[in-house]
Amino acid sequence: MSERNDASWNTMMSGYVRGREYSKAIEFFQEMLEGGVKSSGFLMASLVTACDKSGSMFGEGLQVHGFVVKVGLMSDVFVGTSLLHYYGTYGLVSDAHKLFEEMPERNVVTWTSLMVGHSDGGESEKVIEMYRSMRRESVCCNENTIALVLKTCGTLEDELLGLQVLGNVVKSGLDTNVSVGNSLIAMYGSCGNVKEACRVFNDMDERDTISWNSIISANAQNGLCEESLRYFYWMRHVHKEVNSSTVSSLLTVSSSVDNLKWGRGIHGLVVKSGLESNVCVGNSLLKMYSEAGRWKDAESFFQRMPQKDLISWNSMVACYAQNEESQKALNFFADMRRVIKTMSYVTITSALAACSNLEFIAEGKILHAVAVLSGLQANIVIGNALVTMYGKSGVMAEARKVSTIMPKRDEVTWNALIGCHAENEEANESLKAFNMMRKEGIRENYITIVNVLGAFSTPDCLQKQGMPIHAYIVRTGFDSDKFVQTSLITMYAKCGDLHSSSFMFDGLSTKRSITWNAIIAANAHHGCGEEALKLIMKMRNAGLLLDQFSLSVALSVSADLAILEEGQQLHGLVIKLGFELDHYVTNTAMDMYGKCGEMDDVLRILSPPFIRTRLSWNILISSYARHGCFNKARETFQEMLKWGEKPDHVTFVSLLSACSHGGLVDEGLEYYASMKTKFGVPPAIEHCVCIIDLLGRSGRLSDAEDFIKDMPVPPNDFVWRSLLASCKIHQNLELGKKAADKLLELDPSDDSAYILYSNVCATSGRWDVVENVRTKMGSNNIKKQPACSWVKSKNQISKFGMGEKSHPQNVQIYAKLGELMKTIREAGYVVDTSYALQDTDEEQKEQNLWNHSERIALAYALISTPEGSPIRIFKNLRVCGDCHSVYKFVSGIVGRKIMLRDPFRFHHFSDGKCSCSDYW
DNA sequence: TTAGGGTTAG
């Protein structure tokens with residue numbers, strides 16, 4: 001090649017870089033290598049910059065590095081600097097640092113590039129250290145250096161240092177007053193000192209667009225959404241110019257407060273201002289949708305984006321991963337490699353996050369290999385993502401191995417290990433990792449503490465580990481952190497000590513929303529639903545707005561207690577507060593309607609199929625199942641598949657229980673067989689219980705027994721209880737005895753074992769055994785959970801026990817009962833005394849049946865609610881067979897719809913028939 | 001001097 005040609009190569013290459021055609025520049029380099037072109041330092045520096053800016057595969061930059069060494073251009077300051085910057089971009093600061101040490105000549109850009117690397121790697125102290133060295137060595141700072149140092153002061157929350165730096169800047173006359181003020185605003189914003197930022201802004205004589213953007217951002221970063229919006233309105237009023245940075249800042253706040261209504265408003269404004277096509281703005285919108293859980297909105301927006309860059313693609317991978325759409329994330333990742341042919345370490349990190357469960361471990365391993373092959377193994381963020389990926393998949397040995405060979409570990413590495421041990425229920429290991437972290441001299445942060453606390457879940461753990469850690473938290477001052485406070489409340493509750501949880505909560509001087517939510521959830525999980533709802537009231541009275549978490553806990557409490565009116569009011573509040581677009585909240589509301597018997601409302605608020613989440617599909621299937629609409633449940637499952645939604649283990653629990661309640665034995669067995677082979681969902685104990693129920697109810701008791709022998713998981717109490725209940729239906733004394741023994745083996749104090757077994761014996765007429773069992777219960781001090789039914793009328797709940805006589809309207813209730821007995825007998829009702837569980841004469845047996853709580857509740861409902869209105873009755877135990885028959889007759893005679901809910905499902909009676917077709 | 005993607009937690 002001649003000199004002239006070399007020069008033209010140079011010109012071409014710099015043309016590509018100037019024109020930002022980075023991938024062309026890289027292709028050009030390949031040709032150049034083949035042609036053996038002699039290169040200049042400038043050309044190589046441009047090329048490295050091209051690799052850097054294109055976000056290309058890391059390997060291409062490495063190739064250039066090798067070439068540069070070979071041709072002896074490493075001493076060139078521009079080449080060295082661009083390579084150093086390149087390593088920094090990929091998070092490989094130690095490599096960058098090594099280059100820096102070896103360089104014979106350095107300029108201000110060299111220094112600044114390494115500082116940027118340290119800054120991106122989270123090593124703020126190193127940045128300041130280097131700034132001080134620069135001043136010692138009299139290297140003159142440029143604007144970029146100053147900007148970086150000031151930003152770092154913000155990150156370090158070191159206002160004093162920031163002011164010193166600014167003093168130096170003013171002294172050297174490097175900047176104007178406006179830009180000094182702007183920098184100050186930004187620094188105060190990062191330090192969390194919004195007040196001071198506003199003071200500087202308000203005192204400024206002159207403001208430019210950046211000043212306005214900085215003050216909006218300072219408020220936005222600190223979660224002050226109303227304030228940032230106030231400045232924005234003011235800006236539009238007096239300043240006129242709004243640019244893409246302004247809009248991006250406003251969108252950031254909408255993500256952090258997770259209020260989609262707000263984000264939608266800003267989005268409208270974005271469209272009006274014509275800034276929607278700006279790539280930064282677009283990327284902010286993608287993040288907003290992702291954080292609000294609306295990955296489908298993000299997806300369609302991405303498709304419409306006129307300009308996309310690497311960050312847009314990375315955002316989509318992250319969006320799918322964050323929304324637990326692993327398969328979609330990996331498919332998108334594959335598309336990305338095909339379409340734009342580039343990726344960065346962020347891409348790999350996000351793709352790894354999508355593999356954080358055992359189902360995708362194979363893909364995760366491939367990505368691990370990709371990271372190694374790309375030379376990005378030493379990147380600390382990738383290392384941390386790998387630790388997380390293995391840890392969340394339960395492969396802790398591999399997670400630990402990755403962490404040991406990492407060149408450097410930070411608090412994120414240790415937090416991931418501690419958190420994954422906790423998630424895998426290895427409390428001791430979690431605590432061990434915490435101690436090792438401290439030994440290694442890495443300081444814990446609030447996330448460390450939150451993770452450690454998450455490891456404790458038993459009373460024993462609480463005594464031996466939880467309480468000492470609590471003492472440590474108080475000693476180290478972490479007890480003032482809102483997340484730590486919340487975790488402490490949750491830990492005490494999880495370890496069974498709700499009393500201490502409440503004590504902690506009551507003792508807090510400032511109670512934030514998340515703290516309220518923690519104590520409310522703690523009560524809900526302990527079955528204290530009424531208390532949880534009372535706390536919701538108190539929270540509102542304390543002037544706090546309910547958020548998506550408090551609303552969904554409250555809705556699920558209403559669902560568990562089956563109190564429709566409260567549920568409806570909460571749903572109203574959801575709409576009023578603007579959470580109706582929040583998938584999670586809306587799904588909880590839907591579940592509430594389903595569990596309160598309002599199938600029509602479930603369908604009313606159901607979203608259209610193309611934006612339905614897996615959770616919505618699952619709730620819909622289980623609602624249909626609970627209401628006895630088995631065909632609908634099946635159709636919904638088919639529709640779900642048609643729309644490309646993958647069923648998960650909850651889907652199959654709903655589907656199998658639908659089959660079991662509907663007597664669809666063969667269909668249920670088919671689903672069970674296909675779940676692993678066709679859908680990759682391995683059967684868990686819940687599914688096995690459904691199958692045993694399915695076989696048992698239909699009378700195939702020996703098949704059920706065989707199934708238990710071959711189950712992939714060891715049987716638990718639910719398995720034996722279900723089998724025992726089926727033995728009662730089909731009067732199988734022998735197997736019933738076996739199941740009851742197994743149940744008592746697991747828990748000798750289980751009351752259901754005694755009760756169900758004595759019922760099996762009673763139904764089979766073995767009154768001698770019944771007597772035996774009852775005596776045994778008495779001597780073992782085991783009490784039966786008393787049956788009760790309740791009705792809500794005129795805003796009051798009336799609860800009835802067996803033979804209840806204490807109701808103020810007692811006389812009218814029993815008069816009504818007598819009348820009912822007479823009329824239904826005339827209509828053809830014949831008593832079935834096999835449901836009487838006490839050995840007396842037939843007449844007494846019938847009398848005892850009329851004492852059942854569900855009949856008393858029915859009589860009360862008939863006299864206390866308006867004629868013709870639907871009746872809603874709830875029972876804590878399964879309805880008795882003879883009562884079921886009474887309800888059918890009554891519904892035909894009084895011409896009213898009667899809904900009866902037991903702990904498992906609904907019976908809808910009308911015109912003498914029941915929705916369950918007498919199979920339950 | 002202002003804005004967008006990533007790892008732990010929520």
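As a basis for the values below, the full set of heavy atoms in this structure was taken, side chains included, without hydrogen atoms, waters or symmetry mates. So that the names make sense, note that chain A is the first sequence line, chain B the second, and so on, each numbered from 1.
- At a cut-off of 3.5 angstrom, counting only N and O atoms as typed in the model, there is no donor on one side facing an acceptor on the other between the side-chain of A:Ser217 and the base of B:dA3.
- In terms of the ring pair (Phe, Tyr, Trp, His ring centres under 6.0 Å) criterion, A:His85 has no residue partners (sequence neighbours excluded).
- For the pair A:Gln322 and B:dG5, the criterion of a side-chain N or O lying under 4.0 Å from OP1 or OP2 is not met.
- Applying the 3.5 Å distance criterion, the base of B:dG10 shares no donor-acceptor pair with the side chain of A:Ser487.
- Of the listed nucleotides (B:dT2, B:dG10, B:dG6), B:dG10 has the atom at the smallest distance from the side chain of A:Phe483.
- Under the 6.0 Å distance and 45° angle rule, A:Arg512 does not count as a cation-pi partner of A:Phe505.
- For A:Arg443 and B:dT8, the CZ to P distance is 22 Å, given to the nearest whole Å.
- Taking the six-membered ring for Trp and the full ring otherwise, the centers of A:Trp414 and A:Phe434 sit at least 6.0 Å from each other.
- Between A:Phe333 and A:Trp313, the distance separating the two ring centers is not shorter than 6.0 angstrom.
- A:Leu166 has its CG atom 10 Å from the C1' atom of B:dT1, to the nearest Å.
- Side-chain N/O atoms of A:Lys287 include one lying less than 4.0 angstrom from OP1 or OP2 on B:dG5.
- Here the C1' atom of nucleotide B:dG10 and the CD atom of A:Glu324 are 14 Å apart, to the nearest Å.
- Side-chain proximity of A:Val279 to B:dG6, B:dT1, B:dG4: nearest is B:dG4.
- Proximity of residues 377-386 of chain A to DNA chain B (heavy atom under 4.0 angstrom from any strand atom) is restricted to A:Val381, A:Asn384.
- Outside the 6.0 Å centre-distance limit, the rings of A:Phe232 and A:Trp212 are not counted as a close aromatic pair.
- Rounded to whole Å, the distance from CE on A:Met396 to P on B:dT8 is 13 Å.
- For A:Lys308, no side-chain nitrogen or oxygen approaches OP1 or OP2 of B:dG4 to under 4.0 Å.
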